[in-house]
Novice: 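Quick one: structure below, then a few questions.
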Amino acid sequence: MTAALPNSVGGLVLAAGKGTRMHSAKPKVLHELLDEPMLWHVHQALEPLLAHRFWTVLGFGADQVCKRLPEVTARCVLQHEQLGTGHALQCAWETLRAASLTHVLVVNGDTPLVPPQALSKMVHVALEEKAAVAFLSITLNDPRSFGRVVRSCNGDVAAIVEAKDYDRTRFGYPTGEINAGIYLLQLDAVGPLLGQLGNNNRSGEYYITDLVGLAKAAGHVVLAENVSAEGMDPEDAILYLGINAPAELVAAEEHMRRCIVTRWAAENVLIRSPDLVRIGPRVQLTPGAEIHGPCELYGQTTLARGALVMSHCWVKDATLESDTTLHPFSHVERAHLHSGAAAGPFARLRPGAVLEQGSRVGNFVEMKKARLGRNAKAGHLTYLGDAEIGPDTNIGAGTITCNYDGARKHLTKIGENVFIGSNTALVAPVHVGDRALVAAGSVITDDVPADALALARGRQVLKSKKPAS
Ligand code: UD1
Ligand code: CA
């Protein structure tokens with residue numbers, strides 16, 4: 001657990017850019033890693049340090065971002081035209097000043113893997129050194145398209161020069177030290193420099209990175225906290241690299257996926273084919289739960305001890321209590337399986353599906369806003385929508401609750417110990433009483449009282465075949 005930063009430090013996430021290199025209509029920060037938007041991950045890194053003391057600069061697709069992450073709405077600043085990272089900071093400046101902060105931790109919104117510990121360390125070093133501008137740097141073999149750190153002969157940071165603007169004759173062969181896009185700025189020192197940012201560069205943008213050279217020229221302390229300096233595992237470099245293109249998103253997601261799966265395996269969750277299992281960061285597992293890859297578990301899914309998710313399942317925001325089973329190829333969202341319940345193979349449990357203790361649904365059964373009572377069964381080819389089904393009831397193959405009249409949804413209520421014969425259509429609203437029996441092939445439009453036998457189908461007619469002529 002990372003300790004919180006002092007109250008005088010606030011945060012700013014730069015997330016207004018389009019992300020042209022993603023070649024997508026969706027704002028880059030909404031692209032997901034393990035089903036959570038990139039921006040959500042960045043916020044997760046900031047929260048333990050700053051609680052809610054941070055703002056997000058939005059611009060391209062701001063409405064979409066606020067819709068997907070409503071919590072951002074109250075703490076966002078708009079950058080109507082995206083004129084660069086320096087301009088994004090300028091847009092947020094009034095808000096930051098009004099918050100009586102001494103320092104602001106600025107994080108690019110496309111750096112979802114950054115560990116809170118690294119942020120915290122940089123802030124503490126910068127505060128101790130009384131730096132006006134500090135930033136995280138990392139040394140790579142190939143500096144790619146990242147901003148390059150230029151140091152003077154004595155090793156002090158002199159500037160950050162963007163790849164496009166880097167002139168080897170002027171700055172020398174690049175060392176591989178790059179800017180991670182994470183900064184601690186002292187507001188009093190940086191305020192007067194903001195107006196000096198220009199856009200006379202290859203991109204025609206106002207760069208936040210120019211603050212480094214400007215602060216240096218103004219005689220302030222400037223600091224690069226190089227995370228590679230302490231012998232970092234080269235595999236961990238990815239934690240600090242901004243995501244600009246689809247392949248980088250996939251690589252970052254894969255890193256996160258592997259970390260999460262390894263962590264749960266270490267906590268005694270049995271994960272078979274672990275390379276093919278995707279577990280979201282909010283999922284909660286219990287030692288003794290079992291997962292077979294390939295499968296995906298997302299959102300606030302929880303698995304208790306003895307819960308088994310077999311291969312090819314997709315599960316989101318679901319609760320699987322002890323000794324529950326999801327057979328292969330099941331698709332489950334916002335459903336609750338009480339202990340001993342089972343679903344699938346090929347089950348579709350939609351929001352509001354509840355399987356009480358020991359109940360089971362089999363192949364090609366779809367449930368939505370429907371509750372299946374204790375030990376009740378719906379074995380095959382069935383749709384249960386807006387339905388309440390009592391304990392020990394058997395729903396025959398091909399049963400459909402006709403819940404929609406074209407305008408509104410209606411409830412089907414079925415009591416306990418009922419037997420619904422195969423291929424029954426229950427036209428809601430309708431109620432079938434306890435212990436009733438509905439004959440196969442019925443279309444039930446009226447309530448069936450308890451203990452009754454309901455037959456609602458055409459009578460079989462037998463005739464002799466026409467004699468052959
Ligand atoms: C930026 C840095 C570069 C660094 C790299 C690290 C600048 C000029 N360059 O480059 O030195 O190595 O990050 O990943 O800052 N954004 C806005 N408004 C804008 C433009 C961008 O909010 O007008 C946001 C984007 O949404 C993004 C972040 O700022 O989250 C960084 O922008 P991006 O275009 O990805 O910068 P890079 O070219 O990667
Ligand atoms: Ca970037």
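Since the structure is predicted, the reported quantities are computational estimates derived from the model, not experimental observations. Atoms within each ligand, like the ligands themselves, are counted from 1 in listed order. Residue indices begin at 1 and follow the sequence shown.
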Novice: Students often mix this up, so state it plainly: with edges at 30° and 60°, are the rings of H312 and F329 parallel, tilted or perpendicular?
Specialist: parallel
Novice: Before accepting this row, confirm whether a basic side-chain N of the pair R350/E366 lies closer than 4.0 Å to the acidic partner's carboxylate O.
Specialist: yes
Novice: So for I178, does at least one of its heavy atoms come nearer than 4.0 angstrom to any atom of ligand 1?
Specialist: no
Novice: Report the part of E205 (side chain from C-beta onward, or backbone N, CA, C, O) that has a heavy atom under 4.0 Å from ligand 1; answer both or neither where that applies.
Specialist: neither
Novice: Starting from atom 26 (O) of ligand 1, locate the nearest protein heavy atom and write down its residue, its atom name and how far away it is, to 0.1 Å.
Specialist: G17 N, 2.8 Å
Novice: Evaluating non-hydrogen atoms only, which member of R21, K18, E162 is closest to atom 37 (P) of ligand 1?
Specialist: R21
Novice: If you measure only the distance, is there a donor-acceptor pair under 3.5 Å linking the side chains of Q79 and H87?
Specialist: yes
Novice: Please state whether G59 comes within less than 4.0 angstrom of ligand 1, counting heavy atoms only.
Specialist: no
Novice: Under a 4.0 angstrom heavy-atom cut-off, which atoms of ligand 1 come close to G242?
Specialist: 14 (O)
Novice: For K18, give me all partners under side chain to side chain contact (heavy atoms under 4.5 Å, CB included), at least two apart in sequence or on another chain.
Specialist: T20, F60
Novice: Quick one, L12 and V107 - any side-chain contact, counting heavy atoms below 4.5 Å?
Specialist: no
Novice: So which protein heavy atom does atom 21 (C) of ligand 1 come closest to, and at what separation?
Specialist: T85 CG2, 3.8 Å
Novice: Counting the benzene-type ring for Trp, do H336 and H338 have ring centres under 6.0 Å apart?
Specialist: yes
Novice: Considering distance alone, does some N or O of Q79 sit under 3.5 Å from an N or O of ligand 1?
Specialist: yes
Novice: Determine whether more than 12 heavy atoms belonging to other residues, nucleotides or ligands lie under 6.0 Å from atom NZ of K26.
Specialist: yes
Novice: Examine the side chains of S273 and H292 and answer whether a donor and an acceptor come within less than 3.5 Å of each other.
Specialist: no
Novice: Considering both backbone and side-chain atoms of Y207, is one of its nitrogen or oxygen atoms within less than 3.5 Å of a nitrogen or oxygen in ligand 1?
Specialist: no
Novice: Identify the closest protein heavy atom to atom 12 (O) of ligand 1: which residue and atom is it, and at what distance?
Specialist: N179 O, 2.6 Å
Novice: Strictly under 6.0 Å, is that where the ring centroids of F346 and H327 end up?
Specialist: no
Novice: Under a 3.5 Å threshold, yes or no: a donor from one side chain and an acceptor from the other, between S203 and E162?
Specialist: no
Novice: For V57, is at least one N or O under 3.5 Å away from an N or O on ligand 1?
Specialist: no
Novice: Indicate yes or no: does D156 engage R151 in a salt bridge with an N to O separation below 4.0 Å.
Specialist: no
Novice: Using 3.0 Å as the cut-off, note every protein N, O or S atom close to the Ca ion (ligand 2).
Specialist: D110 OD2, N244 OD1
Novice: Can you figure out which of D110, D210, I243, L241 has its heavy atom closest to atom 35 (O) of ligand 1?
Specialist: D110
Novice: Please name all residues satisfying ring pair (Phe, Tyr, Trp, His ring centres under 6.0 Å) with Y206, sequence neighbours left out, ordered by chain then number.
Specialist: none
Novice: Could you list the atoms of ligand 1 found under 4.0 angstrom from a heavy atom of G109?
Specialist: 30 (O)
Novice: Just to confirm my output: which protein heavy-atom neighbour is closest to atom 13 (O) of ligand 1, and how far is it?
Specialist: N108 ND2, 2.9 Å
Novice: Looking at atom 39 (O) of ligand 1, what's its closest protein heavy atom, distance included?
Specialist: N244 OD1, 3.5 Å
Novice: Is there a heavy atom in R144 that sits closer than 4.0 Å to ligand 1?
Specialist: no
Novice: Show the atoms of ligand 1 that are less than 4.0 angstrom away from any heavy atom in A180.
Specialist: 6 (C), 14 (O)
Novice: With under 30° as parallel and over 60° as perpendicular, where do the rings of F54 and H43 fit, or are they tilted in between?
Specialist: tilted
Novice: Please step through side chain to side chain contact (heavy atoms under 4.5 Å, CB included) for the pair T412 and D386, ending with a clear verdict.
Specialist: CA-CA 6 Å; T412 299; D386 301 288; over 6 Å; no
Novice: If the cut-off is 4.0 Å to any non-hydrogen atom of I208, which atoms of ligand 1 fall inside it?
Specialist: 15 (O)
Novice: Among I160, T56, L14, which one puts a heavy atom closest to atom 24 (C) of ligand 1?
Specialist: L14
Novice: Below 4.0 angstrom from a heavy atom of K28, which ligand 1 atoms are there? Numbered from 1 as shown, please.
Specialist: 35 (O)
Novice: Check side chain to side chain contact (heavy atoms under 4.5 Å, CB included) between Y404 and all other residues, then give those that pass, not counting sequence neighbours.
Specialist: K409
Novice: Is it the case that the side chains of Y298 and R282 hold a donor-acceptor pair, with the cut-off being a distance below 3.5 Å and no angle test?
Specialist: no
Novice: Short list, please: which atoms of ligand 1 are under 4.0 Å from a heavy atom of A16?
Specialist: 17 (C), 18 (N), 22 (O), 26 (O)
Novice: Number the atoms of ligand 1 from 1 as they appear, then name those within less than 4.0 Å of a heavy atom of G84, with their elements.
Specialist: 18 (N), 19 (C), 20 (C), 23 (O)
Novice: Does R148 come within less than 4.0 Å of E177, counting only side-chain N to carboxylate O?
Specialist: no
Novice: Using a 4.0 Å cutoff against the non-hydrogen atoms of L83, which atoms of ligand 1 qualify?
Specialist: 23 (O)
